[in-house]
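To start, the structure itself, in structure tokens.
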Amino acid sequence: MALISIDRERGLLTAEIKGLDKLWSLKSRLEIPLAHMRGATHDPGITRERKGIRVGGTNLPGVITAGRFLHNGERLFWDVKNPDKAVVIELADAESYDRLVIEVDDPRATVALIEQSIARG
């Protein structure tokens, strides 16, 4: 699971990876400029889609998907155990990833926070 926060002053979204997910995903923190964000959606169904090629991290189907993946030319970062809490963040011009698929505590509130932050940006 990740804790998402927005620093409007610095123009950054921070995803702080929590617990053992740091180990499974090989990441503890992601920082993405708000200017590189296209939008966010709550999408539990994405976990049923193909993940692609695992570049680094863990993929135990039905248990956890965490880390870096390549799928149809896209670079994705995953950190999901519970599909019902999956949020997809679409990125543009980002250096590391095209999409983030991250489990959060409150998907609807997280999507609203991201969408409001992009609109204000």
Q | Main-chain N/O of R75 paired to D98 side chain as donor or acceptor, under 3.5 Å | A | yes
Q: Indicate yes or no for a side-chain donor-acceptor contact from S25 to the backbone of A66 under 3.5 Å, with no hydrogens or angles considered.
A: no
Assigning hydrophobic clusters by single linkage (Ile, Leu, Val, Met, Phe, Trp, Tyr; side-chain heavy-atom cutoff under 4.5 Å), is [X] placed with [Y]?
X    : Y    : result
M37  : L113 : yes
I118 : L13  : yes
I114 : V101 : no
F77  : I64  : no
L34  : I32  : yes

Q. Should E31 and R29 be marked as a side-chain contact (heavy atoms from CB on, under 4.5 Å) after you check the CA-CA gap, both sets of side-chain angles, and the distance that decides it?
A. CA-CA 7 Å; E31 288 187 339; R29 176 187 195 98; 3.3 Å; yes
Indicate every side-chain donor-acceptor pair of residues 48-57 with a distance under 3.5 Å to a residue at least two apart or in another chain.
| from | atom 1 | to | atom 2 | distance (Å) |
| --- | --- | --- | --- | --- |
| K51 | NZ | T47 | O | 2.4 |
| K51 | NZ | E49 | O | 2.9 |
| R54 | NH1 | G57 | O | 3.1 |

(Q) Could you walk me through whether D84 and H42 satisfy the side-chain contact (heavy atoms from CB on, under 4.5 Å) test, starting with their C-alpha distance in whole Å, then the side-chain angles of each, then the deciding distance to 0.1 Å, before giving a yes or no? (A) CA-CA 8 Å; D84 293 333; H42 174 213; 5.5 Å; no
Approximate separation, where rounding is to 0.5 Å, of [X] [atom1] and [Y] [atom2]:
X   : Y   : atom1 : atom2 : answer
I46 : T41 : CD1   : OG1   : 7.0 Å
L26 : D79 : CG    : CG    : 11.0 Å
W24 : T65 : CH2   : OG1   : 13.0 Å
E74 : Y97 : CD    : OH    : 13.5 Å
T14 : I6  : OG1   : CD1   : 7.5 Å
S96 : L76 : OG    : CG    : 12.5 Å

Q: Please report the closest heavy-atom contact between I17 and A2, naming both atoms and the distance.
A: CD1-CB, 4.0 Å
Q) Of all heavy-atom pairs between E115 and G39, which one has the smallest distance, and what is that distance? A) OE2-CA, 3.2 Å
**Q.** Chi angles and distances behind the side-chain contact (heavy atoms from CB on, under 4.5 Å) call for R99, I89
**A.** CA-CA 6 Å; R99 285 193 291 170; I89 304 170; over 6 Å; no
Q) Do the non-hydrogen side-chain atoms of W78 and N59 ever get within less than 4.5 Å of each other? A) no
Q. Take atom CZ in R8; do more than 12 heavy atoms of anything else shown fall under 6.0 Å from it?
A. yes
Q: Evaluate side-chain contact (heavy atoms from CB on, under 4.5 Å) for L91 paired with L100, printing each intermediate quantity in order.
A: CA-CA 8 Å; L91 305 174; L100 308 177; 4.0 Å; yes
Q. Ion pair present between E103 and K81, side-chain N to carboxylate O less than 4.0 angstrom?
A. no
